[in-house]
Amino acid sequence: MSKNLDTRNLDTRNLDTHKKLTQAFRARDWAAAALPFSPDVVFVDHPRGEVIKGVEGVVEHSRRAAVAFSDVHVEEERFYDAGDHTIAVFEGRGVNDGELIPGVPPTHRPMRMTICEILHYDADGRVVGGEYFYDALSQLAQLGLIEPPTAP
């Protein structure tokens, strides 16, 4: 005998927080983007092997993406609620017209990539951790910074 799950009382605040962070990025509202983070938040940008610590560091990481691609926009986002984690999968698109890699001038080429962002929340709903996953090899090839790999 199966019962239907009553979803009327499920706590969706973490999912709502993740959606609000995406909206803050779209609006380049860095003050709003900082609000849900715990002071000791830690993010990992896996393709870069970069560990980002603290609210200022996490917000600056997002701000740098907006500087490197001033027209960057998020499309086709899908959000998933996993209790004390949420997952966003989205397409990031833009033209590289600012510094992406220190010392490398902008390529002025368009780029499109799928990004997976996972956020971890504490019991009070603050973001205490996060992870980014994306195809950095494809990103660099689209920008003309490396030759696309070929099949052997």
Side-chain angles (χ1 to χ4, degrees), residues 4-101 106-146 148:
N4 290 332
L5 178 63
D6 182 357
T7 59
R8 289 176 292 180
N9 295 319
L10 288 180
D11 185 356
T12 61
R13 68 182 166 163
N14 293 343
L15 196 60
D16 294 340
T17 295
H18 206 152
K19 290 177 180 180
K20 286 178 184 172
L21 280 169
T22 302
Q23 292 168 353
F25 178 82
R26 276 194 179 108
R28 309 303 192 263
D29 185 346
W30 309 121
L35 291 176
F37 294 115
S38 167
D40 56 348
V41 64
V42 176
F43 267 63
V44 179
D45 183 331
H46 286 281
R48 289 182 176 220
E50 182 179 1
V51 176
I52 306 141
K53 296 181 179 180
V55 177
E56 288 182 22
V58 172
V59 171
E60 178 61 18
H61 187 270
S62 293
R63 194 192 66 72
R64 281 193 331 250
V67 167
F69 300 89
S70 65
D71 68 338
V72 70
H73 49 283
V74 175
E75 298 178 347
E76 303 175 31
E77 66 262 2
R78 298 175 309 278
F79 294 91
Y80 303 95
D81 193 339
D84 64 352
H85 288 78
T86 56
I87 303 153
V89 179
F90 55 90
E91 293 289 319
R93 298 175 191 242
V95 174
N96 176 225
D97 57 355
E99 184 177 81
L100 175 66
I101 301 168
T107 65
H108 301 284
R109 294 177 74 169
M111 188 211 55
R112 180 184 134 237
M113 69 178 182
T114 302
I115 300 166
C116 177
E117 178 182 63
I118 301 171
L119 300 181
H120 180 215
Y121 303 83
D122 65 13
D124 295 322
R126 291 176 301 196
V127 178
V128 295
E131 300 178 72
Y132 300 112
F133 298 91
Y134 54 90
D135 181 358
L137 187 63
S138 174
Q139 177 189 41
L140 295 173
Q142 288 179 63
L143 296 176
L145 297 173
I146 64 167

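Note: hydrogens, waters and symmetry copies are ignored here, and every other heavy atom, side chains too, is used.
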Exercise for review: Work out which heavy atom in C116 is nearest to a heavy atom in V89; give both atom names and the distance.
Suggested key: SG-CG2, 4.3 Å
**Study point:** Contact check, side chains of L21 and Q23, non-hydrogen atoms, under 4.5 Å
**Key:** no
Exercise for review: Show your reasoning for whether side chain to side chain contact (heavy atoms under 4.5 Å, CB included) applies to L100 and Q139.
Suggested key: CA-CA 11 Å; L100 175 66; Q139 177 189 41; 4.0 Å; yes
Practice item. Answer yes or no: is there an ion pair linking E76 with R93, defined by an N-O contact shorter than 4.0 Å? Key: yes
Practice item. Side-chain contact test, heavy atoms from C-beta onward, threshold under 4.5 Å: evaluate it for K53 versus V58 and give yes or no. Key: no
**Study point:** Side-chain heavy-atom pair L119, Y121 within 4.5 angstrom cut-off
**Key:** yes
Revision key, fill the gap. In short, T12 meets D81 closest at the heavy-atom pair CA-OD2, 4.2 Å
Review point. With a 4.5 Å limit on heavy-atom distance, are the side chains of I101 and L145 in contact?
Key: yes
Check your understanding: Within the side chain of D124, is there an N or O that forms a donor-acceptor pair under 3.5 Å with the backbone of R126?
Key -> no
Review point. Side chains of N14 and T86: donor-acceptor distance under 3.5 Å anywhere?
Key: no
Practice item. Answer yes or no: is there a donor N or O on one side and an acceptor on the other, between the side chain of N96 and the main chain of G98, under 3.5 Å? Key: yes
Check your understanding: So is R28 actually on top of F25's ring, under 6.0 Å and inside 45° of the axis?
Key -> yes
Check your understanding: Between R64 and E50, does at least one N-O distance fall below 4.0 Å, as a salt bridge requires?
Key -> yes
Practice item. Report the C-alpha separation of I52 and V44 in whole Å, then their side-chain angles, then the decisive distance to 0.1 Å, and conclude whether the side chain to side chain contact (heavy atoms under 4.5 Å, CB included) test is met. Key: CA-CA 6 Å; I52 306 141; V44 179; over 6 Å; no
Practice item. May I ask you to test the V42-V51 pair for a side-chain heavy-atom distance under 4.5 Å? Key: yes
Check your understanding: When rounded to the nearest 0.5 angstrom, what distance separates CZ in R63 from CD in E60?
Key -> 4.0 Å
Review point. Do Q142 side-chain atoms and R112 backbone N/O form a donor-acceptor pair below 3.5 Å?
Key: yes
Exercise for review: In sequence, state the C-alpha distance, the side-chain angles, and the governing distance for H73 and E91, and then conclude on side chain to side chain donor-acceptor pair (under 3.5 Å).
Suggested key: CA-CA 8 Å; H73 49 283; E91 293 289 319; over 6 Å; no
Exercise for review: Could you tell me whether the side chain of S70 and the main chain of A66 form a donor-acceptor pair under 3.5 Å?
Suggested key: no
Check your understanding: Rounded to the nearest 0.5 Å, what separation is found between the CG atom of L15 and the CZ atom of F79?
Key -> 7.5 Å
Check your understanding: Could you give the distance from CZ (F69) to CG (L143), rounded to the nearest 0.5 Å?
Key -> 5.0 Å
**Study point:** Heavy-atom closest contact (A123 atom, R13 atom, distance)
**Key:** O-NH2, 2.7 Å
**Study point:** Donor-acceptor pair, side chain of D122 and main chain of V128, under 3.5 angstrom
**Key:** no
Exercise for review: Mind checking the CD1-NE2 spacing from I87 to H85? Nearest 0.5 Å is all I need.
Suggested key: 8.5 Å
Check your understanding: Rounded to the nearest 0.5 Å, how far apart are OG1 of T114 and OH of Y134?
Key -> 13.5 Å
**Study point:** P36 versus T17, closest heavy-atom pair with distance
**Key:** CB-CG2, 3.5 Å
Check your understanding: Taking the inter-plane angle between the rings of H61 and Y132 on a 0 to 90° scale, is it parallel (under 30°), tilted (30 to 60°) or perpendicular (over 60°)?
Key -> parallel
Exercise for review: For the pair E77 and R26, find out whether any cationic side-chain nitrogen is under 4.0 Å from an anionic carboxylate oxygen.
Suggested key: yes
Exercise for review: Say whether E131 and H120, considering side chains only, have a donor N or O and an acceptor N or O under 3.5 Å apart.
Suggested key: no
Review point. What is the distance from atom CH2 of W30 to atom OG of S62, rounded to the nearest 0.5 Å?
Key: 5.5 Å
